[in-house]
Amino acid sequence: MDIIKPRTLSGFMELLPDKQIRFEKMVEILRSTYASYGFAPLDTPAIEDAQILLAKGGGETEKQIYRFQKGDSDLALRFDLTVPLAKYVALHCNDLAFPFRRFQISKVYRGERAQRGRFREFYQADIDIIGDGKLDVLNEAEIPAIIYKVFKGFGLNRFQIRVNNRKILTGFYEMLNLHEKSGDIMRTVDKLDKIGSDKVKTILLEDCGLTEEQAGEILRFIAIRGTNAEVISALEGYTGRSETFDQGLAELKAVTANLSAFGVPEENFAVDLTIARGLDYYTGTVYETTLLDHPEIGSVCSGGRYDNLAGYYIEKQLPGVGISIGLTRLFYVLDEQGLLNPELPSAPADALVLPMTQDAAPAIALAEAVRSQGLKVQLYCEQKKFKQKMAYADKLGVPFAILLGEDEIAEGKCSVKDMRSGQQLKLTAEEAAEHIKNALHCSNIPVILER
RNA sequence: GUGGGCGUGGCCUAGUUGGCUAAGGCGUCAGAUUGUGGCUCUGAAGAUCGUGGGUUCGAAUCCCAUCGUCCACCCCA
């Protein structure tokens, strides 16, 4: 028989158990945080009709989507969670209560060249709030609060939620009569941090065909930095020249005004005029979150406000605001940087019960007794040498091994061995559970430990 | 999609002016008192040198093709 060499495709992440446990921990934090803000869980199919996923048509989506035929069906794998959400809302809008808040943590697929931190299959953790006809700006102010809670929940401190407003940008380009070129300009300006202002200027002049004066105006505009109050006051100087701009500024003020009420510290939030993000459908506030100590990895969470979620599927006007956390990338980078908390328990069980008698019944009962006290307990079922049983406990990384042999059974007790210290005690099942619980008592250990 | 680097046991690497049975480390497995893991010691298994073709007396090493992979660009989480 031919052996097929096992391999995992490039751009797909596969983890060993201890890492997977840490990953799941992050997912749990996301779920509980999202749920705590009243978002409902949603799951949609990984595969959809290609027509639906490609409704928007053209561009990168068409190039990157995994598309295939099965019989006569033209199918595709979802490349994000927003388009499936649009379909879902369009399909069920008569049954949903608006504003509709949902979260979804699922895999998405993109057939592009994989690179460090860039995957072909990866998890997105999305939240969106969809309004029926209207959606108040207050929703846009709440989003950073949720991002903040999630990242703090992971154990991160050095991150920054950067915010801009698309209306400010389009309004500003209207003032310069550059409305048609705004897409190219924004894409260029977005690279400011990466390539520097001289390079940006060169591209604006040569590739975008701007005049020296226009380029100068733009560079001066995106150079506006400082505290939120300082940036906003600098922006006030541009008012009265574009209705769009003025409206964008008003929205930006509304978002920043409620930050402290929502509990977001100023140090984790910044108005940044270079942010453009997802050029096609965002129409108002846009968000991008970066790790301050690892700017090279780019954005780990981004999103914004859009006016018409489901326009391709129904006539109804459904404005919304949402964000997406690139969980796979975030995890990959944190792991690579060695920031995953080594203190976080990553064994599949709290204790491993090792039966040492021919009759396994007492051990089975013991395992169940300890398990019923709320602990994760694995029963070792193999008939191997004691040495090998211990080696297994060691390799699994379980903090405790519970031994049950003739002696213990005769005394009505079991031997509880702390694998880290080597200390061993003879205890009853209840005492054992209590002992282990006290030793672990680790419910609030963060996943990430920043240095 | 465009441009560049690299492919040697499961993993990391040595070996490239072509030359004897391809070397080492990690890991795996088995032993060193069959009720005690990590450490140490001993031993074992495991590679058609990515694949196909070519040059040559002889190819891991040179040439061509192909696949894979990584990096940059594009774009993005």
Side-chain angles (χ1 to χ4, degrees), chain A residues 2-3 5-13 16 30 58-65 78-82 105-126 147 183-184 186-188 190-191 194-195 203 207 275-280 282 287-291 296-304 322-334 347 352 354-357 380 383-409 414-424 426:
Chain A
D2 281 350
I3 296 286
K5 191 176 181 179
R7 70 187 191 100
T8 303
L9 259 24
S10 161
F12 289 73
M13 188 171 80
L16 288 172
L30 281 163
E60 292 301 312
T61 303
E62 197 123 9
K63 278 194 255 171
Q64 295 186 355
I65 200 161
R78 62 184 170 212
F79 61 91
D80 69 9
L81 299 178
T82 307
I105 303 167
S106 302
K107 282 174 172 174
V108 301
Y109 300 84
R110 294 186 188 177
E112 60 180 330
R113 281 248 146 76
Q115 277 177 48
R116 162 176 306 211
R118 165 178 293 202
F119 294 85
R120 288 174 170 162
E121 178 190 67
F122 58 96
Y123 275 92
Q124 288 196 325
D126 280 30
I147 299 174
D184 289 340
M186 281 189 236
R187 222 172 290 130
T188 306
D190 199 37
K191 295 191 184 107
K194 206 170 171 184
I195 64 177
I203 297 174
D207 298 351
I275 302 216
R277 282 299 103 183
L279 292 156
D280 7 23
Y282 294 126
Y287 313 91
E288 182 169 297
T289 303
T290 51
L291 304 182
E296 73 282 357
I297 65 165
S299 176
V300 290
C301 162
S302 62
I323 50 123
S324 177
I325 295 178
L327 191 55
T328 303
R329 170 182 290 178
L330 181 60
F331 184 84
Y332 175 85
V333 172
L334 293 169
L352 179 72
L354 302 179
M356 303 207 289
T357 51
Y380 189 82
Q383 308 248 359
K384 292 206 175 167
K385 286 185 220 166
F386 190 57
K387 230 175 190 165
Q388 291 174 303
K389 296 178 182 174
M390 288 302 295
Y392 179 73
D394 185 54
K395 193 159 187 191
L396 268 193
V398 288
F400 288 91
I402 303 177
L403 323 183
L404 193 63
E406 305 291 355
D407 302 353
E408 286 86 355
I409 292 171
C414 58
S415 291
V416 178
K417 175 159 182 150
D418 184 326
M419 294 299 287
R420 292 187 72 171
S421 67
Q423 182 197 56
Q424 195 165 314
K426 272 195 186 170

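First the proteins, then the strands, lettered A, B, ... as listed; each starts at 1.
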| Is the closest basic N to carboxylate O distance between A:Asp184 and A:Arg187 below 4.0 Å? | yes
| How are the rings of A:Phe119 and A:Tyr332 set to each other: parallel, tilted or perpendicular (split at 30° and 60°)? | perpendicular
| said: Which helical stems does RNA chain B take part in, if a stem means at least 3 consecutive Watson-Crick or G-U pairs with both distances below 3.5 Å? | reply: B:1-7 with B:67-73, B:10-13 with B:23-26, B:28-32 with B:40-44, B:50-54 with B:62-66
| task | Specify the separation, in whole Å, of atom CE of A:Met419 and atom P of B:U36. | result | 13 Å
| Which value, in whole Å, describes the distance between the C1' atoms of nucleotides B:U56 and B:C64? | 16 Å
| query | Can you find a donor-acceptor N/O pair under 3.5 angstrom joining the side chain of A:Glu408 to the base of B:G35? | reply | yes
| field | Where A:Lys426 and A:Asp407 come nearest, the two heavy atoms and their spacing | value | NZ-CB, 4.3 Å
| message | Using a 4.0 Å heavy-atom cut-off, does A:Arg120 contact any base of the nucleic acid, only the sugar-phosphate backbone, or nothing at all? | response | nothing
| query | With sugar-phosphate meaning primed atoms plus P, OP1 and OP2, does A:Phe119 contact a base, only sugar-phosphate, or nothing at under 4.0 Å between heavy atoms? | reply | base
| query | When we call it a touch if two heavy atoms are under 4.0 Å apart, what does A:Arg110 touch: a base, just sugar-phosphate, or nothing? | reply | base
| remark: A:Leu16 CG to B:C26 C1', in whole Å, measures 15 Å
| Mind checking the C1' distance from B:U21 to B:A30? Whole angstroms is fine. | 25 Å
| CG of A:Leu9 versus P of B:C70: gap in Å, rounded? | 10 Å
| query | Which part of the nucleic acid does A:Leu330 contact within heavy-atom distance under 4.0 Å: base, sugar-phosphate only, or nothing? | reply | nothing
| task | Tell me whether the OP1 or OP2 atom of B:C70 has a side-chain N or O from A:Ser10 closer than 4.0 Å. | result | yes
| request: Record whether the side chain of A:Arg118 comes under 3.5 Å of the base of B:C75 through a donor-acceptor pair of N or O atoms. | output: yes
| query | In whole Å, what separates the C1' atom of B:U61 from that of B:C73? | reply | 33 Å
| request: Mind checking A:Asp407 for me? I need base, sugar-phosphate or nothing, with any heavy atom below 4.0 Å counting as a touch. | output: base
| Using the C1' atom in both, what is the distance from B:U69 to B:G15, to the nearest Å? | 22 Å
| message | Could you tell me how far apart A:Tyr392 (OH) and B:G35 (C1') are, to the nearest whole angstrom? | response | 20 Å
| field | Same-atom distance (P) from B:C71 to B:A59, integer angstrom | value | 35 Å
| query | Does A:Lys194 have a side-chain nitrogen or oxygen under 4.0 Å from the phosphate oxygens OP1 or OP2 of B:C73? | reply | yes
| query | To the nearest Å, how far apart are A:Ile147 CD1 and B:A77 C1'? | reply | 13 Å
| Between A:Ser324 and B:A77, does any side-chain N or O lie under 4.0 Å from OP1 or OP2? | no
| Taking atom C1' in both B:C74 and B:C29, what distance in whole Å separates the two? | 49 Å
Filtered N/O pairs between nucleotides 29-32 of chain B and protein, under 3.5 Å:
from	atom 1	to	atom 2	distance (Å)
B:A30	OP1	A:Gln388	NE2	3.2
B:G31	OP1	A:Lys385	NZ	2.7

| said: Say we look at B:G9 and B:G27: how far apart would their C1' atoms be, to the nearest angstrom? | reply: 11 Å
| field | More than 12 heavy atoms from other groups under 6.0 Å of CG on A:Leu9 | value | yes
| request: Would you confirm whether A:Arg329, through its side chain, and A:Val300, through its main-chain N or O, come within 3.5 Å as a donor-acceptor pair? | output: no
| Is any N or O donor-acceptor pair between the side chain of A:Arg113 and the base of B:C70 shorter than 3.5 Å? | no
| With no hydrogens and no angle check, is any side-chain donor or acceptor of A:Thr328 less than 3.5 Å from a backbone partner on A:Tyr123? | yes
| request: Please measure how far the C1' atom in B:G68 lies from the corresponding atom in B:G24, and state the result in whole Å. | output: 26 Å
| query | OP1, OP2 of B:A72 versus side-chain N and O of A:Gln115: anything below 4.0 Å? | reply | yes
| field | Where at least one partner belongs to residues 109-119 of chain A, residue pairs that pass side-chain hydrogen bond (donor to acceptor under 3.5 Å, both in side chains), sequence neighbours excluded | value | A:Gln64-A:Glu112, A:Tyr109-A:Glu121, A:Glu112-A:Arg118, A:Arg116-A:Glu336
